[in-house]
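Input: a single structure, listed below in structure tokens.
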There are 2 protein chains.
Amino acid sequence: MTKKTDGKQIPQRVVSRLAMYYRVLSQLEQGGIERVSSRELGEMMGITPSQIRQDLSYFGEFGQQGYGYRVSNLYKEISKILGLEKQHTMVLIGVGNLGRALASYTNFRRRGFELVAAFDVREEVVGKKVADIEIKLMTELRSFLKENPVDIGVITVPASQAQQVADILTQEGVKGIWNFAPIKLSVPENVIVEHVHISDSLFALSFRLREKNS
Amino acid sequence: MTKKTDGKQIPQRVVSRLAMYYRVLSQLEQGGIERVSSRELGEMMGITPSQIRQDLSYFGEFGQQGYGYRVSNLYKEISKILGLEKQHTMVLIGVGNLGRALASYTNFRRRGFELVAAFDVREEVVGKKVADIEIKLMTELRSFLKENPVDIGVITVPASQAQQVADILTQEGVKGIWNFAPIKLSVPENVIVEHVHISDSLFALSFRLREKNS
DNA sequence: TAGATTGTTAATCGATTAACAATC
DNA sequence: TAGATTGTTAATCGATTAACAATC
């Protein structure tokens, strides 16, 4: 039962697989499945049972010999590991099409990510709403952050403005940035940035299509 | 000058770094920079010069001893490698917020990805437009594909409908799928799928925020 | 009990980094 | 020329897979 989280730094690859496990387990639970083995999980996800057991062993012992894993239990444990049982507050900067899509994605709220404000530079959208949040003018970002505790900043502005926004966020104490601008941000080392480079994966698709036909 | 593409399968990691190189080089070129060394590139991207040279060596020799790389040249070569000099046609299935965001992202068109049609199940959006494309009813998808050559299908429907859409796409000869539904698609082995699991990266951010504070 | 499956240690595989001769 | 930097081979590192004792 000893947790193995002690000190050891968890590889990035393991963390992203945790998110996959979480997703699959959520489907299994919704499907009313009660137990699952690493072999079955592996088949569903296209990875080896060994890898699953190895990954989980970073965090503890969640299974039972001869039986496998209780779906509802493993789901809850992984949810805890990912920090999805905590509440997170988010601000959105840049209410374009993508920002709007993210704001409206109700699953985030369900998982404990609460959007508390949205900002844009364009005066004409100010006062309108996304996902029941009133859009504020970008110039109010700093003062808002001073008065409201915010965990995560979601950046969906053009690349040219992203660094500037990141600077305000980090100066005002935001500790996590979810960045959709196609640019590498410089931030203090205690701030965590997750980049989502959507177009990179389209380019990879293009490459693999080409590779196949040659 | 011998290309090394011969047979050897390129690791997925290398492909996704190619997309990064492409992005950085595009910035350098726009900034009017003429030459760059692997050391400089590495510093900008936070990876080792060795890795850059190793990656590039999969595809040929693009540099010059004592000088480095000519930015415009390397940019063009990587663009070729990624297949971005070819024209690709795309259809979009699911015109929700995310679909709308992708359709409006003009950079794709600039890179040779042309959206030729968009589909949705909701009758009320049919006939309206996204990015100058008239939205069609989902039931017309199959017949459209029979009459028009399409390279890539972009899936932005809910998870529950994604497999069904993927089946139609692959049956009608689409060879690449860009999937935003949070589910693993089963497709024939000659079809290439790129998944973008946006929420996975938010979960990873949540994990790393938690990890830091413990 | 016999069969199944875990958690973990050891072996293998692949990817990253270091080193260096070649040469601009 | 001397200094810089490539492309590539070899060394190292880390991640994945296999194997197996423990045990439900």
Side-chain angles (χ1 to χ4, degrees), chain A residues 1-21 25 28 33-75 77-78 81 204, chain B residues 1-21 25 28 33-75 77-78 81 204:
Chain A
M1 277 306 162
T2 341
K3 289 286 163 62
K4 294 180 65 194
T5 328
D6 340 276
K8 255 179 241 164
Q9 163 74 14
I10 311 296
Q12 181 54 43
R13 318 298 280 306
V14 174
V15 178
S16 62
R17 278 195 298 269
L18 280 181
M20 287 176 57
Y21 299 147
L25 286 164
L28 288 177
I33 312 293
E34 212 175 69
R35 66 164 286 281
V36 72
S37 68
S38 57
R39 186 181 48 73
E40 292 166 325
L41 261 184
E43 252 164 48
M44 280 181 263
M45 304 176 56
I47 63 182
T48 63
S50 269
Q51 182 158 66
I52 293 173
R53 297 203 300 274
Q54 187 74 277
D55 283 352
L56 294 178
S57 78
Y58 277 99
F59 304 100
E61 307 183 345
F62 308 111
Q64 207 167 57
Q65 283 106 325
Y67 177 84
Y69 304 87
R70 197 163 288 280
V71 170
S72 62
N73 176 250
L74 188 56
Y75 178 59
E77 290 291 347
I78 290 183
I81 293 167
Chain B
M1 279 302 164
T2 341
K3 291 284 162 61
K4 296 180 63 197
T5 329
D6 341 276
K8 254 180 245 164
Q9 163 73 15
I10 311 296
Q12 181 54 44
R13 319 297 280 307
V14 174
V15 178
S16 62
R17 277 195 299 268
L18 281 181
M20 287 175 56
Y21 299 147
L25 285 164
L28 288 177
I33 312 293
E34 212 174 69
R35 66 164 285 282
V36 72
S37 67
S38 57
R39 186 182 48 73
E40 292 166 327
L41 260 184
E43 251 164 49
M44 279 181 262
M45 304 175 57
I47 61 184
T48 63
S50 270
Q51 181 158 69
I52 293 173
R53 298 203 300 276
Q54 187 75 278
D55 283 352
L56 294 178
S57 78
Y58 277 100
F59 304 101
E61 306 183 347
F62 308 111
Q64 207 168 55
Q65 283 106 325
Y67 177 83
Y69 303 87
R70 197 162 289 278
V71 170
S72 62
N73 176 251
L74 188 56
Y75 178 59
E77 291 290 346
I78 290 183
I81 293 167

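Naming: A, B, ... by sequence-line order, numbering from 1 per chain.
Of the candidates C:dA15, D:dT16, C:dG7, D:dT16 carries the atom nearest the A:R17 side chain, counting heavy atoms from C-beta on. Out of D:dT5, D:dT16, C:dT17, the shortest distance to the side chain of B:T48 is found at C:dT17. For A:Q64, whose side chain is taken as the heavy atoms from C-beta onward, the closest listed nucleotide among D:dC24, D:dA19, D:dT16 is D:dC24. For B:Y69, whose side chain is taken as the heavy atoms from C-beta onward, the closest listed nucleotide among C:dA19, C:dA10, D:dG7 is D:dG7. Of the candidates C:dA10, D:dT8, C:dT5, the closest approach to any side-chain atom of A:R39 belongs to C:dT5. Between C:dT17, C:dT8, D:dT5, one nucleotide has an atom nearer to the side chain of B:S37 than all others, and that is D:dT5.
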| message | Give the dot-bracket line for DNA chain C from 5' end to 3' end: parentheses for intra-strand Watson-Crick or G-U pairs under 3.5 Å, square brackets for crossings, | for inter-strand pairing, dots for unpaired. | response | ..||||||||||||||||||||||

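The minimum heavy-atom distance linking B:I52 with B:G42 is given by the pair CD1-N, 3.4 Å.
Here A:R53 reaches the OP1 or OP2 of C:dT6: one of its side-chain N or O atoms lies under 4.0 Å away. Residue B:R13 has no polar side-chain atom (N or O) positioned under 4.0 Å from OP1 or OP2 of C:dG14. Contact check, A:S50 against D:dT16: no side-chain N or O comes under 4.0 Å of OP1 or OP2.
Between A:E40 and A:R35 there is a side-chain heavy-atom pair separated by less than 4.5 Å. Counting only heavy atoms from C-beta outward, the side chains of B:L28 and B:Y69 never approach each other to under 4.5 Å.
Side-chain atoms of A:E61 stay outside donor-acceptor range of the base of C:dT6, with no qualifying N/O pair under 3.5 Å.
For the atom pair CZ of B:R39 and CZ of B:R53, the computed distance is 11.0 Å after rounding to the nearest 0.5 Å. Considering CD1 of A:I81 and CG of A:L74, their distance stands at 8.0 Å, rounded to 0.5 Å. The CG atom of B:L56 lies 7.5 Å from the CG atom of B:L18; values are rounded to the nearest 0.5 Å. Rounded to the nearest 0.5 Å, atoms OH (B:Y21) and CG (B:L41) are 8.0 Å apart.
Nearest-nucleotide positions on DNA chain D for A:Q65 and A:P11 put A:P11 closer to the 5' end. DNA chain D is contacted by both A:Y67 and A:D55; A:D55 maps to the nucleotide lying nearer its 5′ end (nearest heavy atom per residue).
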